Amino acid sequence: MSGRRQYPFHLIEPKWQKAWDEQQAFRAFNPGEEIPANHPFAERHKLSGKVSAAQLPAKFYILDMFPYPSGAGLHVGHPEGYTATDILARYKRAQGFNVLHPMGWDAFGLPAEQYAVKTGQHPRKTTEENIATFKRQIQSLGFSYDWSRELATTDTGYFKWTQWIFLKLYNSYFDPELKKAQPIKFLEDALSHSPKFKKQWESNSYLEKIHKTWVEMPERITANQGNKFRSNVIENSRLAYVSEQPVWWCEQLGTVLANEEVVDGKSEVGGFPVVRKPMRQWMLRITAYAEKLLQDLDTIDWSDSLKEMQRNWIGRSEGAQISFRAENPRSPSNPKHYFSIDVFTTRPDTLFGATYLVLSPEHTFVSHLTTDAQRTAIESYKIEVARKSDLERTELAKEKTGVFTGSYATNPVNNEKIPIWIADYVLASYGTGAIMAVPAHDERDWDFAKKYGLPITPVVALFSKVFSPFTKVGSDTAGKQTQHLVINGKEQQVQVYYECCVPEEGFAVNSSNDEVSLNGLPTVDAKKKIIDWLNSHESHELGFGMVNYKLRDWLFSRQRYWGEPFPIVWKIGPDGESYHEALPESSLPVLPPTLEDYKPTATGEPPLARAKDWVNLPDGSVRETNTMPQWAGSCWYYLRYLDAKNNSAFVGKDVENYWMGANSCKSQVESCKLDDAQKPSTFNLQPSTSTPGVDLYVGGTEHAVLHLLYARFWHKVLFDLGYVSTPEPFFKLVNQGMVLGEDNQKMSKSRGNVIPVDVPVAEVGTDALRLYEMFMGPLEMVKPWNTKGVEGVYRFLGRVWRLFVDEKSETEFQQAETTAETQRRGELLNLIKLNYSIQNVAATSAQLKTLHSCIKKVTEDLDGLRFNTAISAMMVFVNDAITWETKPVSVLRDFLILLQPFAPHIAEELWQKLSANSQLPSANLAYASWPKFDAALLVESEIEIPVQVNGKLRDVIKVSVNATQADLGTAAKNSEKVKPFIEGKTIKKIIVVPKKMVNLIVG
RNA sequence: GCCCACGUGGCGGAAUUGGCAGACGCGCUAGAUUCAGGUUCUAGUGAGUAACAUCAUACAGGUUCAAGUCCUGUCGUGGGCACCA
């Protein structure tokens, strides 16, 4: 930046940051906390001493997604969201809310661990250094965070409670009857003979069923078998459980990864290849919450695109599970030896068209169903598939491949024998890992059937009158056939396709047996009818209607050092098998051991296994050596902020209820479901009320399906168990758009287009940086950085400065500054005086009009998160006010309150000067009341009305605001500019929109 | 391939319910201040014309007294999902 400094921001900004810090100006007070009488919050709300929740003003919780403190520091893209939340926090504070605006560190993570592997420096040291850099930079931006609540996920006082929540998950199950998490104790009680727990299972049909199975177990089973059954039921119900199953293993990272962390067959971090490998892992049963996570999206105010991403990830589909019997090729004559192959389909109406089955190559039945003749082919295909990475399977495998097992299954609707194949286009991980192929109505099955010469039976037809029979087929008409069907009592002509067609709305044909006929039914009804038919069979032997989810359980263990250790030990039971046991809450936190080497062991065990003394406990039990993933700490940090120092609970109950509860909120407590009238319009904050949960959460879209789904899941479990007050954590969420480099590319080191925040802070000050972050464009939009644009808002602040200060005194200040010692320069700001045009006089009506249209615009725009237009409204105000010969103090004070959220340092400095000058009390500007917009001041006696002739603008006329429609019409016709366009023509019609415009229609 | 957004000056972007297109800022032009550069201030700035007229919100249609805004189609950009049965 070249040229003269617009105003002494280099002295003003540190001055006020220091003052806020010393005063703890932005500390938020919890119910029951002591509020110092001289705190500006106490002065504003006339409070002091210990104050109850009922005495405190309404809360407003504004949250940023806390950053991972990397070594690189902040660039100008980072503070965009932080600036937006800070502006709103300051705005809500001015409106009188008790604002909670905290910041912390998502501090566990791979980079610090990789650095430790390389250099031996403890990850904690690296992490602390990085936090120090981030904190210095964030503090230089003047955000009004309550630093007394600062936390890091790596603090022992924090992850103690992360481990505690894990124990809650471990000790809970999802009750299908109550549709909520319950203590595992209830389940244990149901698996007991003792009548003292009777109450528990009698009130719950699910527990009753479990109990019945238990007590009705044949007496001849051994105690061991009984225990085994019992522990199986329990272990299969825990929300945190151990599973040995194929997981994504990343060799380069030396750890397993969750599904969500694998993108295109590569690790999301680093882009390394991953392979499927069976391993013993901790899992969290997030699938139990699939339906709730989906449904409750309707109760929260998130962007449609974000909700859509979560919906896609959860991937609900309605359909049916259908069982196909296959005889055992080893004993074909024995009708008792058969396999029941379950498939999931969303199109059960096409069951009559299922002409073969396909299993995924990993399906457990494959080897059993393979005949001797096919064994070689099947085995080599399986090897070929296993060798392919997932990347190859998705990128290259558009050409379908597969092998016949040699076995046949029976289609339950028509008893036809259909061949069983394996193919890698069927995924092991979705549905049941097997499909019924309906080649006539599914493109994948069609391709496969064509390639291997499998039969194709069309079972869906289209109305020829409604649909063109050629739309899907192209020029080939050979594949269709006309049939006559009775539909709704009338005979209709339909087109039956003999090419693949996937109609959204068609009619079933060729679909009947002795018990059921779908023929003539529209697809929707055909689905219902066939599902009813399946459901009607004893014990759902043939199948049943069901809902399937794409969402899978959350893989929760990592083979890393720098994460939360599990509060779990392993023991050997009397049967010689190892089992796990939770450590008691009193043993928390479980601290990781100190290591000299942070690499995994040579045998591939996690790094923690190196610490033999730590792993082996005196009683012979062995610690779990996996650690939790980084997502664990970020699942609940927003709750810890509420009560960051609490040693006896993860959050105090009253405190949680004050900040997260619905007490201070007008919407219903019960479900948090808003009806239409209460639903806020998109991107609008509720102007006068707070909401249940976090009122506003701002962060990047990269967390759409990871953090945000996991955090909702944990919150729902905590809600079910009674630890939190709301079923959803984040009532309103906004994704800020990315800031691109000046070259319109995403900012990255390799492009060399990264602008560190320190650069603009040094050159134009943080107030100008904050202003520009918001002035670039709408918050949620992607936009490029432009240094010239920064200069524009910097100039605006210079104009604000000159609106207030006396030029001569500033020149004196500048001369004094060149000779003063650095430490004493701050005091020199006192040399700067206000200019003489600022006077304690009443404002003119024109001045009030300018002020109040600014108040109106800024207030409305802040409620709608339209920061860019709010700033432009303030520019309009200053452009006008700078021309005033006398500037009333009252008007300028109100303007500074409007400016304060955006550019707090310059606003405070000018506020201080203004207060001193006019002998007004210099209360902290951050707690000054937001000015109220007065509509009466904006009323004009005369307004300008555009006049159109045939829809084209011809003149703008001035009329009285009270002009009638007739007056307007007459005035329009009499306009000199309009006359040439209407002369000699007849006026057919006059359209008058009161107070808006006139349109003359001439012939 | 599927789903969802979005296309407005040289640039970033404004434009409640359809009602004066281009607020505000950048850039540019001219002038004033200055020894000069920078800064600041004043005026102008969609295209077009001497001035009107006229033409302009990706393109092509449509609805309407009136369309950037609503409807249909096409093209383009961005994001998400991707053999999900």
Side-chain angles (χ1 to χ4, degrees), chain A residues 2-6 264 303-309 311-313 315-317 319 343-347 350 354 358 360 393-395 397-400 423-427 429-438 441-445 447-448 548-551 681 701 704-705 735 737-738 744 771-772 775-778 780-793 795-796 798-799 802 807 857 860 864 866 868-876 878-879 882 944-956 980 988-993 995-1002:
Chain A
S2 50
R4 203 176 70 109
R5 193 178 276 131
Q6 290 275 353
D264 289 337
S303 73
D304 289 338
S305 65
L306 189 58
K307 286 186 182 183
E308 200 54 30
M309 277 196 241
R311 285 194 194 103
N312 286 340
W313 195 263
R316 182 185 201 275
S317 36
V343 304
F344 174 75
T345 177
T346 55
R347 294 297 301 269
T350 63
V358 188
S360 66
R393 248 169 104 157
T394 52
E395 268 193 358
K398 293 301 169 195
E399 171 83 358
K400 304 269 177 295
D424 68 355
Y425 81 91
V426 174
L427 307 176
S429 50
Y430 181 74
T432 60
I435 61 151
M436 64 177 211
V438 185
H441 306 293
D442 181 288
E443 282 182 38
R444 293 153 303 173
D445 298 342
D447 292 344
F448 195 76
N548 192 49
Y549 300 91
K550 213 158 72 178
L551 185 69
S681 58
T701 181
V705 285
N735 287 124
M738 211 175 331
N744 246 308
L771 219 48
Y772 183 64
F775 190 62
M776 271 186 285
E780 62 280 14
M781 210 186 256
V782 177
K783 55 238 154 207
W785 186 262
N786 178 357
T787 300
K788 286 288 185 192
V790 185
E791 290 176 38
V793 292
R795 271 203 283 274
F796 162 68
R799 251 190 343 272
R802 290 189 294 278
E807 224 178 302
K857 184 82 177 132
E860 287 174 353
R866 294 180 297 267
N868 53 336
T869 48
I871 293 167
S872 90
M874 290 189 290
M875 288 173 167
V876 170
V878 171
N879 288 346
I882 210 156
E944 292 190 332
I945 297 289
V947 180
Q948 297 178 347
V949 179
N950 284 348
K952 289 197 173 163
L953 183 73
R954 296 305 178 191
D955 194 13
V956 177
K988 288 188 188 160
K989 200 175 174 185
I990 302 176
I991 289 157
V992 178
V993 183
K995 297 186 185 181
K996 281 275 187 202
M997 51 89 59
V998 180
N999 192 2
L1000 306 174
I1001 313 302
V1002 297

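Scope of the values below: all heavy atoms of this structure, side chains included, with no hydrogens, waters or symmetry mates. All chains are named by letter (A, B, ...) in the order of the sequence lines, taking the proteins before the strands, and each is independently numbered beginning at 1. It should be emphasised that the depicted structure is a prediction, and the values quoted were computed from it without experimental measurement.
When distances are taken from the side chain of Y425(A) to each of C83(B), C81(B), A85(B), the shortest belongs to C83(B). For M309(A), taking side-chain heavy atoms from C-beta onward, the closest of the listed nucleotides G12(B), G80(B), A85(B) is G80(B). Closest to the E308(A) side chain, of the nucleotides C3(B), G25(B), C26(B), is C3(B).
Going from atom NE2 of H441(A) over to atom P of C83(B) covers 23 Å, rounded to whole Å. Regarding R866(A), its CZ atom lies at a distance of 17 Å from the P atom of G13(B), rounded to whole Å. The distance between atom CD of E443(A) and atom C1' of C2(B), rounded to the nearest whole Å, is 11 Å. Per the geometry, CD belonging to E791(A) stands 9 Å off P belonging to C26(B), to the nearest Å. Atom CG in L953(A) sits about 21 Å away from atom P in A15(B), given to the nearest Å. A straight line from CZ of R799(A) to C1' of C24(B) spans 10 Å, rounded to a whole angstrom. Between F796(A) atom CZ and G13(B) atom P there is a gap of 20 Å when expressed in whole angstrom units. The separation between E780(A) atom CD and G12(B) atom P is 17 Å, rounded to whole Å.
Regarding contacts with the backbone of G13(B), every side-chain N or O of T869(A) stays at 4.0 angstrom or more from both OP1 and OP2. OP1 or OP2 of C26(B) has at least one side-chain nitrogen or oxygen of R795(A) nearer than 4.0 Å. The side chain of N879(A) contributes no N or O atom lying less than 4.0 Å from OP1 or OP2 of A23(B). For the OP1/OP2 pair of C20(B) and a distance below 4.0 Å, the side-chain nitrogens and oxygens of K995(A) include no atom meeting the criterion.
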(request) Run the numbers on I435(A) and T345(A) for side-chain contact (heavy atoms from CB on, under 4.5 Å), then give the verdict. (result) CA-CA 7 Å; I435(A) 61 151; T345(A) 177; over 6 Å; no
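As judged by a 4.0 angstrom heavy-atom cut-off over every strand, S429(A) is placed among residues making no nucleic acid contact. Within 4.0 Å (heavy atoms only), V782(A) reaches sugar-phosphate atoms of the nucleic acid but no base atom. Contacts of Q948(A) with the nucleic acid, taken as non-hydrogen atoms under 4.0 Å apart, include base atoms. Across all strands shown, I991(A) has heavy atoms under 4.0 Å from base atoms, whether or not it also approaches the sugar-phosphate. Heavy atoms of M781(A) sit under 4.0 angstrom from primed sugar atoms or phosphate atoms, though from no base atom. Using a 4.0 Å heavy-atom criterion, one finds that M997(A) contacts the bases of the nucleic acid, with or without backbone contacts as well. Within the nucleic acid shown, R954(A) comes within 4.0 Å of sugar-phosphate atoms alone, with no base atom in reach, counting heavy atoms only. Residue K988(A) is classed as having no contact, given no heavy-atom separation below 4.0 Å to the nucleic acid. N868(A) comes within 4.0 angstrom of the backbone, heavy atoms only, and of no base. Nucleic acid contact class of V993(A) (heavy atoms, under 4.0 Å, all strands): base.
Using atom C1' as the reference point in both U17(B) and G68(B), the two lie 16 Å apart (nearest Å). The separation of A5(B) from A56(B), taken at their C1' atoms, amounts to 26 Å, rounded to a whole angstrom. With both ends at atom C1', the span from U42(B) to G46(B) equals 23 Å, rounded to whole Å. Spacing of C1' atoms, G22(B) relative to G7(B), comes out at 16 Å, to the nearest Å. Remark: the separation of the P atoms in C28(B) and U77(B) is 31 Å, to the nearest Å. Taking atom P in both G73(B) and C3(B), the straight-line distance is 13 Å, to the nearest Å. With both ends at atom P, the span from A21(B) to A53(B) equals 13 Å, rounded to whole Å. Of the P atoms belonging to G79(B) and C24(B), the separation is 33 Å, rounded to the nearest Å.
Position along RNA chain B of the nearest nucleotide to V876(A) versus M436(A) favours V876(A) as the more 5'-ward residue. Mapping K989(A) and Q6(A) onto RNA chain B by nearest heavy atom places Q6(A) closer to the 5' end of the strand.
Closest approach of V705(A) and M309(A) over heavy atoms only: CG1-O, 3.6 Å. Across every non-hydrogen atom of I871(A) and F775(A), the tightest pair is CG2-CD1, 3.6 Å.
With hydrogens and angles ignored, a donor-acceptor pair under 3.5 angstrom links the side chain of N999(A) to the base of C65(B). Side-chain atoms of K400(A) and base atoms of C83(B) include a donor and an acceptor less than 3.5 Å apart. A donor-acceptor contact under 3.5 Å links the side chain of K996(A) to the base of U17(B).
Using modelled atom types and a 3.5 Å distance limit, the side chains of Y430(A) and S317(A) yield a donor-acceptor pair.
Here the options are R799(A), R802(A), E791(A), R795(A), the test is side chain to side chain donor-acceptor pair (under 3.5 Å), and the partner is Q6(A); only R802(A) passes. Only one option out of D442(A), T350(A), D445(A), V358(A) pairs with M436(A) in a side-chain contact (heavy atoms from CB on, under 4.5 Å); it is T350(A).
Under the Watson-Crick or G-U wobble criterion, with both distances below 3.5 Å, C59(B) is paired with G73(B). If you check C2(B) for Watson-Crick or wobble pairing at under 3.5 angstrom, you find it paired to G80(B). Base-pair partner of C11(B): G25(B) (Watson-Crick or G-U wobble, both distances under 3.5 Å). Using the Watson-Crick or G-U wobble rule with both distances under 3.5 Å, U42(B) pairs with A30(B). Applying the Watson-Crick and G-U wobble criteria (two distances, each under 3.5 Å), U49(B) pairs with nothing in any strand. Across all strands shown, U17(B) forms no Watson-Crick or G-U wobble pair with both distances under 3.5 Å.
G9(B): glycosidic angle within 90° of 0, hence syn.
Rounded to the nearest 0.5 angstrom, N735(A) CG and S303(A) OG are separated by 5.5 Å.
Counting only heavy atoms from C-beta outward, the side chains of L953(A) and P946(A) approach each other to under 4.5 Å.
Between F448(A) and Y425(A), the ring-plane angle classifies as tilted under the 30° and 60° cut-offs.
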